[in-house]
Amino acid sequence: MKMVTNETISWRRLGRVARGVLGTVALILFAYIAIGLALGAVPRRAVAMPAAGPDAVTIFVESSAVHTAIILPKQAAGVDWRGWARPQDLRDPRYAGFPYLAIGWGEAGFFRETPHWRDIRPGTILHAALGSDQTLIHVDHLPLPHANGDDVRAVRLSPQAYRRLVSFIRASRRRDGRHYPGYDVYDAFYEANGRYSARHTCNSWTGDALAAAGVRMGWWTPFPWTVTSWL
């Protein structure tokens, strides 16, 4: 007859607790994804904006598996970004000669610790999801992008709508905040306003920015596809 010891019972209890915790985490994750997809499919009330005409500004929205950013021309509709994203903020100022900026918002630790998506760690994700007031604006200097209907989408905005988008983005950056080197020679980070959490992600920031410009957008856009599905 096999002897059941106190140690065996303890391990069994620990196993049941571990399975319960994993089950709870999986349930929460499933509910989060389901709610995000559902609310991402519900249109929010759009801000009334003039239709894009001959003087429209073309912007782009780029997406990856987990992140979105907005690509803007450095000079358009009377808006000049060159003093906002300065050449001297780059490791190689020559790249400031590119005519476009890709701008994204996110949690500072997540940005800094994941130069490549393969660098993502569960602890980094959990820390960001629980909430952080340490946020950054990430700015890439780019050549002319090309919409491909997959990970880069083109959006045409009237000058008025474009200026509303500009106001939203500029308000997201901390006034007189510090800047930091980026991942490469053509990008930089800037201290930002706003609190990052599972409720307010980098993608919901993108969705909010586009909605401020009158772009039809979902009620809540926590994932890249909840943004790009409207474009």
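Predicted model, so just to flag it, every value in this text is computed and none were measured. Just the heavy atoms: all of them, side chains too, but no hydrogens, waters or symmetry mates, feed the values below.
Two rings, from Tyr196 and Trp105, have their centers less than 6.0 Å apart. Aromatic ring centroids of Phe223 and Tyr32 lie under 6.0 Å apart. Aromatic ring centres of His67 and Phe111 lie closer together than 6.0 Å. The distance between the ring centers of Tyr186 and His141 does not fall below 6.0 angstrom. Residues Tyr183 and His138 bring their aromatic ring centres within 6.0 Å.
Here the straight-line distance linking atom CD of Gln160 with atom CG of Asp55 works out to 11.0 Å at 0.5 Å rounding. A distance of 12.5 Å separates NE2 of His179 from CG of Leu136, quoted to the nearest 0.5 Å. Here Ile70 contributes atom CD1 and Ile169 contributes atom CD1; the two are 4.5 Å apart, rounded to the nearest 0.5 Å. Put simply, CG on Asp133 and CG on Asn193 are 10.5 Å apart, with the number rounded to the nearest 0.5 Å. With values rounded to the nearest 0.5 angstrom, Tyr95 atom OH is found 12.0 Å from Asp140 atom CG. In this structure, CG on Asp187 lies 11.5 Å from CG on Leu101, to the nearest 0.5 angstrom.
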**Item:** Derivation and outcome, side chain to side chain donor-acceptor pair (under 3.5 Å), residues Glu107 and Ser132
**Value:** CA-CA 7 Å; Glu107 200 270 328; Ser132 172; 3.1 Å; yes

**Step-by-step side chain to side chain contact (heavy atoms under 4.5 Å, CB included) determination, Val79 to Arg170** = CA-CA 12 Å; Val79 177; Arg170 286 182 168 171; 3.7 Å; yes

**Asked** Are His200 and Trp205 close enough, and set up right, to give a side chain to side chain contact (heavy atoms under 4.5 Å, CB included), and what steps lead you there?
**Response** CA-CA 7 Å; His200 186 49; Trp205 177 88; 4.2 Å; yes

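The one candidate from Thr228, Thr226, Thr68 that meets the side-chain hydrogen bond (donor to acceptor under 3.5 Å, both in side chains) condition with Thr206 is Thr68. No option in Val166, Thr58, Leu165 other than Leu165 meets the side chain to side chain contact (heavy atoms under 4.5 Å, CB included) test with Leu157. Paired with Asp89 under the rule side-chain hydrogen bond (donor to acceptor under 3.5 Å, both in side chains), one option of Trp84, Tyr180, Tyr190 passes, and it is Tyr190.
Side chain of Arg156 to backbone of Gly53: a donor-acceptor contact under 3.5 angstrom is found. A distance-only check finds no donor-acceptor pair linking the side chain of Arg216 to the backbone of Ala46 [under 3.5 Å]. Not a single donor-acceptor pair under 3.5 Å links the side chain of Ser204 to the backbone N or O of Thr221. Judged purely by atom type and a 3.5 angstrom limit, Arg164 uses its side chain to pair as donor or acceptor with the backbone of Ala212. A donor-acceptor distance shorter than 3.5 angstrom exists from the side chain of Asn148 to the backbone of Asp151, with no hydrogens or angles considered. With Arg173 contributing its side chain and Glu191 its backbone, the two residues share no donor-acceptor pair below 3.5 Å. Side-chain atoms of Trp220 do not come within 3.5 Å of backbone N or O of Leu37 as any donor-acceptor pair. Within the 3.5 Å criterion, the main-chain N or O of Pro222 finds a donor-acceptor partner in the side chain of Thr201. The main-chain N or O of Phe168 is found under 3.5 Å from a side-chain atom of Ser172 such that the two form a donor-acceptor pair. A side-chain donor-acceptor contact under 3.5 Å links Asn203 to the backbone of Val66.
With sequence neighbours left out, Tyr100 forms a ring pair (Phe, Tyr, Trp, His ring centres under 6.0 Å) with no residue at all.
No side-chain heavy atom of Ile59 sits less than 4.5 Å from a side-chain heavy atom of Ile71. The shortest distance between side-chain heavy atoms of Leu231 and Met217 falls below 4.5 Å.
Between Pro43 and Ala41, the shortest heavy-atom distance links the atoms CD-O, 3.6 Å. Here the closest heavy-atom approach between residue Ala77 and residue Tyr162 is recorded as CB-CD2, 3.8 Å. For the pair Asp150 and Ser63, the tightest heavy-atom approach, listed with the atom from each and the gap, is O-OG, 4.2 Å. In terms of heavy atoms, Pro99 sits closest to Pro143 at CD-CA, 3.9 Å. The shortest heavy-atom contact between Phe98 and Leu142 is CB-O, 3.0 Å. Of all non-hydrogen atoms in Ala51 and Ser158, the two that sit nearest each other are O-CB, 3.9 Å.
Salt-bridge annotation for Asp208 and Arg44: present, with a side-chain N of the basic residue lying under 4.0 Å from a carboxylate O of the acidic one.
Hydrophobic clustering, defined by side-chain heavy atoms of Ile, Leu, Val, Met, Phe, Trp and Tyr closer than 4.5 Å, groups Met49 together with Val47.
No cation-pi contact links Arg45 to Trp219, judged by a cut-off of 6.0 Å to the six-membered ring centre and 45° from its axis.
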